[in-house]
Number of protein chains: 2
Amino acid sequence: MRWDEIGNEACSVARTVGVIGDRWTLLILRDCFLGVRRFDDFQARLGVTRHVLADRLKKLVEEGILAKVKYEDRPPRYDYRLTDDGRALHPVIMAIVHWGDTHRVTKKGRPLLHTHKTCGHVFDPVMTCSHCAEPLTARAVEVRPGPGAAA
Amino acid sequence: MRWDEIGNEACSVARTVGVIGDRWTLLILRDCFLGVRRFDDFQARLGVTRHVLADRLKKLVEEGILAKVKYEDRPPRYDYRLTDDGRALHPVIMAIVHWGDTHRVTKKGRPLLHTHKTCGHVFDPVMTCSHCAEPLTARAVEVRPGPGAAA
DNA sequence: CACTTGAGTTCCAAAACAGAACTCACATAG
DNA sequence: CTATGTGAGTTCTGTTTTGGAACTCAAGTG
């Protein structure tokens, strides 16, 4: 399989990975959620080559994850902002952060702390069941083919 | 920045991405959670080259995400199983699946349905706050430097 | 003995990447 | 009006990483 075909797979993981399953793309998204918007800021923070950054941003725009917005007319300047589809990726980034925070800790502790504005407390993200609201564990989840399953 | 240096970054996203932030690696993990254990099964399901598959499995074992377990003595045969650290990645995969299910749907519907054994219902994963148990939104989360923040 | 299975290795050409320099449009300073 | 700076890329070159296919090895099967 090649990467330009992965969007056609039946699996939702494959289709999502086709959009965000690139090392740099995930780091770009992390920075987007931290408020980074401009080309040179991404480049300086990530240390990615400008070449690759331009390519990834273009793909994210094509996929509707980021929007290129003109923020100045003369000279024309654009920045990249999360769309609603892009913001919907927040749980993915939170899940990734949390795994790093709990399974790849350094002696110094966590690099970032998350505060929930709604309740005002520092928190960890917890994956729960939309029906009973209990925290999910891998073993408590059963997977069955759905209507869109492959033949 | 090159990939062999990313594990030293202060950011938890970077450290996690250094472990699982590869296209094939995420698909391998998806299959692990679906119960796939053997080299040839991964290869057939993913369509990845054997070369790359061997490399990714080796890295996952080195990282402690998978364990290589002998399941037959003569001839010696091994399979790959999730460790506890690996199972802790379940929320990441669930978040990815859910984004695909909701933002990259096909007319046919979802390829897989998830049932929560605890409550017996088909569900969606919901990211919630460990403190107040409310569902999280990107805008309700405030990020501040923690003890392990970079200088 | 010929064939199959599981789990990889080896080889080569094609694609992606890192690093650095270069472009372009405009703004500001001297 | 030349010199410098800024934001947002593009181009160039040499190194890595892939994709695809074939090959190996150890053991079991007909």
Side-chain angles (χ1 to χ4, degrees), chain A residues 1-9 14 17-28 31-32 35-63 65-81, chain B residues 1-9 14 17-28 31-32 35-63 65-81:
Chain A
M1 198 207 304
R2 284 190 321 279
W3 283 107
D4 44 351
E5 302 165 17
I6 202 172
N8 309 321
E9 288 281 300
V17 166
V19 179
I20 62 159
D22 171 83
R23 311 152 120 105
W24 291 121
T25 301
L26 285 165
L27 295 180
I28 289 169
D31 276 2
C32 288
V36 178
R37 288 189 163 78
R38 300 196 198 166
F39 192 93
D40 278 21
D41 290 342
F42 284 115
Q43 207 274 316
R45 288 175 52 89
L46 298 175
V48 61
T49 61
R50 307 175 72 76
H51 182 52
V52 171
L53 177 58
D55 178 73
R56 295 302 186 278
L57 288 173
K58 186 156 70 71
K59 282 181 182 156
L60 286 169
V61 170
E62 285 167 8
E63 289 285 354
I65 308 296
L66 296 180
K68 194 171 179 177
V69 178
K70 190 186 280 186
Y71 68 89
E72 193 181 280
D73 266 320
R74 303 181 55 73
R77 297 268 190 257
Y78 302 86
D79 60 11
Y80 295 89
R81 304 187 186 198
Chain B
M1 198 209 300
R2 283 191 321 279
W3 284 107
D4 43 352
E5 302 164 16
I6 201 172
N8 309 321
E9 288 282 300
V17 166
V19 180
I20 62 159
D22 172 83
R23 312 154 121 102
W24 291 121
T25 301
L26 284 165
L27 296 179
I28 289 168
D31 276 1
C32 288
V36 178
R37 288 189 164 79
R38 300 195 198 167
F39 191 93
D40 278 21
D41 290 342
F42 285 114
Q43 207 274 316
R45 288 175 51 91
L46 299 176
V48 62
T49 61
R50 309 175 73 77
H51 181 51
V52 171
L53 177 59
D55 178 73
R56 296 302 185 278
L57 289 172
K58 186 155 71 70
K59 282 180 182 157
L60 285 168
V61 170
E62 284 166 9
E63 289 287 354
I65 308 296
L66 297 180
K68 194 171 178 176
V69 179
K70 190 186 282 188
Y71 68 89
E72 193 181 280
D73 267 318
R74 304 181 52 74
R77 298 269 190 257
Y78 302 85
D79 59 12
Y80 295 90
R81 304 188 186 197

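The chains referred to below are lettered A, B, ... by the order of the sequence lines, with proteins before strands, and numbering in each begins at 1.
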With [X], which residues qualify under side-chain contact (heavy atoms from CB on, under 4.5 Å), at least two apart?
X: A:A67; result: A:V69, A:T83
X: A:Y78; result: A:K68, A:K70, A:P76
X: B:D41; result: B:V36, B:R38
X: A:K59; result: A:D55, A:E62

### Query
Nearest 0.5 Å, what's the CD1-CG distance between A:I6 and B:L46?
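One gets 9.0 Å once the value is rounded to the nearest 0.5 Å.
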In whole angstrom, give the distance that lies between atom [atom1] of [X] and atom [atom2] of [N].
X: A:D22; N: D:dT18; atom1: CG; atom2: C1'; result: 14 Å
X: A:D73; N: D:dA8; atom1: CG; atom2: P; result: 14 Å
X: A:Q43; N: D:dG7; atom1: CD; atom2: P; result: 13 Å
X: A:L53; N: D:dG7; atom1: CG; atom2: P; result: 14 Å
X: B:D55; N: D:dT18; atom1: CG; atom2: P; result: 7 Å
X: B:R23; N: D:dT18; atom1: CZ; atom2: P; result: 9 Å

### Query
Does D:dA8 have OP1 or OP2 sitting under 4.0 Å from an N or O in the side chain of A:Y71?
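Result: yes.
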Kindly give the atom pairs (protein nitrogen or oxygen, nucleotide nitrogen or oxygen) under 3.5 Å for nucleotides 19-21 of chain D.
{"from": "D:dG19", "atom 1": "OP2", "to": "B:W24", "atom 2": "NE1", "distance (Å)": "3.2"}
{"from": "D:dG20", "atom 1": "OP1", "to": "A:R2", "atom 2": "NH1", "distance (Å)": "3.3"}

Test of understanding: with salt bridge (Lys or Arg N to Asp or Glu O under 4.0 Å), list the residues that count as partners of [X], not counting sequence neighbours.
X: A:R77; value: none
X: B:E9; value: none
X: A:R45; value: A:D31
X: A:R50; value: A:D40

### Summary
Per-nt protein contacts along nucleotides 1-6 of chain D (heavy atom under 4.0 Å; B base, S backbone sugar-phosphate only, - none) come out as -----B
### Query
Toward the 5' end of DNA chain C, which comes first, A:R56 or A:P76, by nearest nucleotide?
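Taking each residue's closest nucleotide, the earlier one in sequence belongs to A:R56.
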### Message
Reading DNA chain C in the 5' to 3' direction, which nucleotide is the first one with an atom under 4.0 Å from a heavy atom of chain A, and which is the last?
### Response
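The contacted stretch runs from C:dC17 to C:dA27.
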### Query
Do the side chain of B:Q43 and the main chain of B:L53 share a donor and acceptor less than 3.5 angstrom apart?
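Not a single qualifying donor-acceptor pair exists.
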### Query
How is B:Y80 classified with respect to the nucleic acid when contacts are heavy atoms under 4.0 Å: base, sugar-phosphate, or nothing?
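The residue B:Y80 makes sugar-phosphate contact but no base contact.
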### Query
How is A:K58 classified with respect to the nucleic acid when contacts are heavy atoms under 4.0 Å: base, sugar-phosphate, or nothing?
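Touches nothing.
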### Query
Who passes side chain to side chain donor-acceptor pair (under 3.5 Å) against B:D79, sequence neighbours left out?
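B:D79 satisfies side chain to side chain donor-acceptor pair (under 3.5 Å) with B:R81 only.
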